[in-house]
Amino acid sequence: MRTSCYPLATLKETPADAEIVSHQLMMRAGLIRKLGSGLYTWMPTGLRVLNKVARIVREEMNKAGAIEILMPSVQPAELWQESNRWDEYGPHLLKMKDRHERDFCYGPTHEEVVTDLMRRELHSYKQLPLNVYQVQTKFRDEVRPRFGVMRAREFLMKDAYSFDLDEIGMQKAYDKMFQAYTNIFTRLGLKFRPVLADTGSIGGSYSHEFQVLADSGEDLIAYSDDSDYTANIELAEAQVPQGRRPTPGKVKELVDTPTQTSIADVAAFLKVEPKQCLKTLIVVGVGKECPLIALVLRGDHELNTVKAEKLPGVAIPLQLADAETIKRHIGCEPGFIGPLNLDGRGIPVIADRDAAHMADFVCGANENGKHLRHVNWQRDCAEPTRVADIRNVVVGDISPDGQGHLQLTRGIEVGHIFQLGDKYSKAMNATVLGESGQPVTLQMGCYGIGVSRIVGAAIEQNHDEYGIIWPDAMAPFDVALVPINLHRSDLVKKATEELYAELTAMGLDVLYDDRQERPGVMFADMELIGIPHRIVIGERSLAEGKFEYKNRHTGETKNVTKSEIKDLLQQ
RNA sequence: CGGAGUGUAGCUCAGUCUGGUAGAGCACUGCCUUCGGGAGGCAGGGGUCGAAGGUUCGAAUCCUUUCACUCCGACCA
């Protein structure tokens with residue numbers, strides 16, 4: 001490709017609304033342009049990268065035995081009503097009506113469509129196992145799109161769906177996909193980890209996320225420093241504290257805390273550690289019998305909303321009660337709540353394992369401006385209605401597998417695989433006849449990869465002050481040719497044209513910068529775009545029959561012959 | 001959805017408080033010089049100041065409404 005006939009679309013300045021480095025560089029390198037919130041056009045260079053990622057994904061999916069199909073992006077409401085997700089999926093679902101006032105949605109995922117397809121197509125166990133996939137545009141109406149293509153509303157996704165007769169088959173299909181995903185992210189040249197994950201609104205029983213490690217990632221990952229254990233913090237289990245609960249010491253005491261409403265303030269005021277305080281959160285419950293539920297944590301711990309939403313009786317999505325409701329039921333402001341006598345007021349107390357293990361703690365007195373200290377479960381306050389793991393793990397916690405301690409790191413979720421079981425096949429009555437002649441409900445798995453998100457994630461992991469540094473596998477071009485004084489030197493022109501023709505004939509993607517630009521401009525653009533190999537063609541080195549090679553990744557420069565160039569590029 | 005903010009040239013932004021001929025840098029076009037790391041000079045082109053309504057002799061500027069975008073929070077594959 002010659003730059004004189006190609007819209008490079010590079011920018012010298014960073015657009016004001018690009019916050020993280022990958023978004024800034026994708027704009028500056030001319031990969032994307034924004035159309036609206038969460039909507040991006042892929043420019044020629046960006047599309048090249050996207051297609052390279054998609055190609056690797058397809059190759060590995062095919063190798064794992066999956067078959068490519070393409071389903072509609074617009075889906076009839078009836079299917080979503082069958083699975084109950086028309087309402088459950090919530091406002092993320094972009095709904096629309098056609099001219100006949102029939103309801104449709106733009107697909108955020110395709111479990112319903114593929115299940116419907118397969119209940120029509122599959123009749124016999126002999127047709128199993130089957131795994132179909134597609135690479136397609138999805139739309140999720142995110143509350144807050146951000147970070148460019150990283151959390152866009154419209155995005156490109158590879159989604160695969162496996163169908164098996166039983167759980168053993170489903171497990172095998174899952175394992176195959178786990179391996180395929182590992183191959184894909186390895187080939188793409190990304191630093192990643194598979195992590196145990198929550199299943200979220202897709203549902204199902206068991207799942208892994210594939211996380212690209214990056215400090216700008218939105219997800220927190222917990223991993224053991226002494227074993228293979230790795231899990232999303234949403235799921236990572238906090239262990240039961242060791243030993244017996246300490247025996248109560250001093251007598252309970254009411255203390256004035258006129259303006260101290262946060263754990264930090266109360267702890268500082270009473271000269272105790274936050275871990276000696278008890279934090280009481282009031283959340284909305286389902287049903288009339290218990291409209292409110294108290295969640296109790298150690299002062300230095302954070303509530304894990306995913307875990308909390310799994311508690312029976314807790315409303316989904318998790319919702320903190322407003323100040324007025326709290327005042328009406330408990331009689332104080334949110335900053336002074338404690339677990340005492342809540343059960344008696346019809347508010348069950350669910351304590352975190354660590355909170356339930358505390359003794360002589362500080363907590364709110366359910367009275368404005370007052371806290372209690374030296375409070376003890378049982379002696380001063382009814383034992384919690386229920387004890388559960390409802391907190392986020394913290395650095396240093398014992399690993400759930402018993403080996404080592406947990407550390408935390410950040411990641412970008414680029415893949416997610418689920419064992420769905422019969423969640424959709426049962427709701428939508430997708431069965432085949434088994435060997436015995438009886439209908440068997442299909443066991444499903446689903447497997448997603450955020451193709452467009454991978455592009456952003458790769459840049460987060462691979463860039464420097466000059467621009468993007470693509471892993472070879474997804475670079476838009478393999479090599480950039482930068483001629484010096486192309487338009488004045490016949491020698492340079494001839495050498496560059498020949499080299500361009502020969503490298504192109506080798507099947508390489510070559511970007512030939514034949515613009516009438518100064519060298520500095522061309523160097524800067526090629527580095528910004530992140531092309532792995534750069535060859536400068538100038539009279540200076542041509543005099544010795546050499547070209548100047550520079551590696552974008554290592555920064556290494558050397559003068560080389562044409563055949564050495566070919567060797568370098570063929571690796 | 002709650003809170004905050006921004007909309008002026010392709011991009012980054014000044015001008016708005018205090019109403020009076022729409023600006024700068026970069027980008028773009030032409031010419032000249034320069035020619036191995038985002039050059040310099042000269043001359044140009046480019047605007048319904050987000051939109052609608054109002055106040056006023058006069059509105060980018062004041063008022064009302066509205067739309068879009070961004071950030072923080074909540075939420076979330």
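Atoms considered below: every heavy atom in the structure, side chains included; atoms not considered: hydrogens, waters and symmetry mates. The chains referred to below are lettered A, B, ... by the order of the sequence lines, with proteins before strands, and numbering in each begins at 1. Please read these numbers as outputs of a predicted model, since none were measured by experiment.
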Could you check which nucleotide pairs with rC71(B) in any of the strands shown, counting Watson-Crick or G-U wobble with both distances under 3.5 Å? rG3(B)
If rU55(B) has a Watson-Crick or G-U wobble mate with both distances under 3.5 Å, name it; if not, just say none. none
Rounded P spacing from rC57(B) to rG50(B) in Å: 25 Å
Taking the C1' atom in each of rG7(B) and rG47(B), what is the distance between them to the nearest angstrom? 14 Å
For RNA chain B, what residues of residues 144-163 of chain A have any heavy atom nearer than 4.0 Å? Arg144(A), Arg146(A), Arg151(A)
Ignoring hydrogens and geometry beyond distance, is the side chain of Glu517(A) in donor-acceptor contact with the base of rG38(B) at under 3.5 Å? no
With sequence neighbours left out, what residues match Glu13(A) under salt bridge (charged side-chain N to carboxylate O under 4.0 Å, His left out)? none
Does Glu234(A) have any salt bridge (charged side-chain N to carboxylate O under 4.0 Å, His left out) partners at least two apart in sequence or in another chain, and if so, which? none
Report all interatomic pairs (protein N or O, nucleotide N or O of nucleotides 29-32 of chain B) with separations under 3.5 Å.
none

Flag, side chain of Asp389(A) to backbone of Ala238(A), donor-acceptor distance under 3.5 Å: yes
For Glu68(A), I'd like to know if atom CD has over 12 heavy atoms of other residues, nucleotides or ligands within 6.0 Å. yes
Below 4.5 Å, heavy atoms only, C-beta onward: do Met428(A) and Glu112(A) meet side chain to side chain? yes
Which residues share a salt bridge (charged side-chain N to carboxylate O under 4.0 Å, His left out) with Arg552(A), sequence neighbours left out: Asp464(A)
Have a look at Glu19(A) and say if it touches a base, only the backbone sugar-phosphate, or nothing, with a 4.0 Å heavy-atom cut-off. sugar-phosphate
Please enumerate all residues that pass side chain to side chain donor-acceptor pair (under 3.5 Å) together with Ser216(A), with sequence neighbours excluded. Glu460(A)
Is the shortest distance from a Lys or Arg side-chain nitrogen in Glu497(A) or Arg2(A) to a carboxylate oxygen in the other one below 4.0 Å? yes
For a quick check of understanding: with a heavy-atom distance under 4.0 Å over all strands, which category does Val536(A) fall into, base, sugar-phosphate or nothing? base
Is the ring pair Tyr6(A)/Phe477(A) parallel, tilted or perpendicular, if the boundaries are 30 and 60 degrees? perpendicular
Pairing check on rG47(B): which nucleotide meets the Watson-Crick or G-U wobble criteria with it, both distances under 3.5 Å? none
Quick one: label Lys550(A) by what it contacts on the DNA or RNA (base, sugar-phosphate, nothing), any heavy atom closer than 4.0 Å. base
So what does His92(A) touch, heavy atoms closer than 4.0 Å: a base, only the sugar-phosphate, or nothing? sugar-phosphate
Using the P atom in both, what is the distance from rU48(B) to rG10(B), to the nearest Å? 8 Å
Any ring pair (Phe, Tyr, Trp, His ring centres under 6.0 Å) pairs touching residues 19-40 of chain A, not counting sequence neighbours? His23(A)-Tyr40(A)
How far apart are the C-alpha atoms of Phe547(A) and Ser541(A), what are their side-chain angles, what is the distance that settles it, and do they pass the side chain to side chain contact (heavy atoms under 4.5 Å, CB included) test? CA-CA 6 Å; Phe547(A) 300 86; Ser541(A) 49; 5.6 Å; no
Pairing partner of rU21(B), by Watson-Crick or G-U wobble and under 3.5 Å for both distances, is none
Base contacts versus sugar-phosphate-only contacts with protein, heavy atoms under 4.0 Å: please encode nucleotides 8-14 of chain B as B, S and - from 5' to 3'. ---BSS-
I'd like to check the ring-ring contact (aromatic ring centres under 6.0 Å, His included) partners of Trp80(A); sequence neighbours left out, ordered by chain and number. Tyr89(A)
Looking only at atom C1', what distance separates rU65(B) and rU55(B), rounded to whole Å? 15 Å
By nearest-heavy-atom nucleotide on RNA chain B, the more 5' of Arg534(A) and Leu318(A) is Arg534(A)
Would you classify Gln516(A) as touching base, sugar-phosphate or nothing, given that sugar-phosphate means primed atoms plus P, OP1 and OP2, and contacts are heavy atoms under 4.0 Å? nothing
Rounding to an integer number of Å, can you tell me how far Arg518(A) CZ sits from rG36(B) C1'? 10 Å
Compare side-chain N and O positions of Ser37(A) against OP1 and OP2 of rU70(B) and report whether any pair is under 4.0 Å apart. yes
When you compare rA60(B) with rU6(B), how far apart are their C1' atoms, in angstrom units rounded to a whole number? 15 Å
Let me know, please, whether Gly36(A) or Ala524(A) comes out on the 5' side of the other along RNA chain B by nearest nucleotide. Ala524(A)
Return the value, rounded to whole Å, for the distance between atom CG of Leu235(A) and atom P of rC76(B). 15 Å
Give the intermediate values and the outcome of side chain to side chain contact (heavy atoms under 4.5 Å, CB included) for residues Ile449(A) and Val414(A). CA-CA 6 Å; Ile449(A) 287 184; Val414(A) 290; 5.7 Å; no
Between the base of rG36(B) and the side chain of Asn485(A), is there any donor-acceptor pair under 3.5 Å? no
Quick one: Leu39(A) CG to rC69(B) C1', roughly how many Å, whole number? 12 Å
Working for ring pair (Phe, Tyr, Trp, His ring centres under 6.0 Å), residues Phe418(A) and Tyr161(A): CA-CA 10 Å; Phe418(A) 304 78; Tyr161(A) 306 88; over 10 Å; no
Looking at rC26(B), which nucleotide sits across from it as a Watson-Crick or G-U wobble partner, both distances under 3.5 angstrom, or is there none? rG10(B)
Gln319(A) atom CD is separated from rG2(B) atom P, nearest whole Å, by 14 Å
Could you give the distance separating rA9(B) and rC42(B) at their P atoms, to the nearest angstrom? 25 Å
For His208(A), side chain to side chain donor-acceptor pair (under 3.5 Å) partners two or more places apart: Tyr174(A)
Take atom P in rA59(B) and the same atom in rC49(B), then report the distance between them in whole Å. 12 Å
Salt bridge present between Arg85(A) and Glu111(A) (N-O < 4.0 angstrom): yes
If you compare every side-chain N and O of Lys34(A) against the phosphate oxygens of rU70(B) (OP1, OP2), does one of them come in below 4.0 Å? yes
Enumerate the residues from residues 211-221 of chain A whose closest heavy atom to RNA chain B is under 4.0 Å, giving them by residue number; use none for an empty result. none
By salt bridge (charged side-chain N to carboxylate O under 4.0 Å, His left out), which residues pair with Glu498(A), not counting sequence neighbours? Lys494(A), Lys562(A)
What distance, rounded to whole Å, do you find between the two C1' atoms, one in rC28(B) and one in rU21(B)? 26 Å
Taking any heavy-atom pair under 4.0 Å as a contact, classify Arg33(A): base, sugar-phosphate, or nothing. nothing
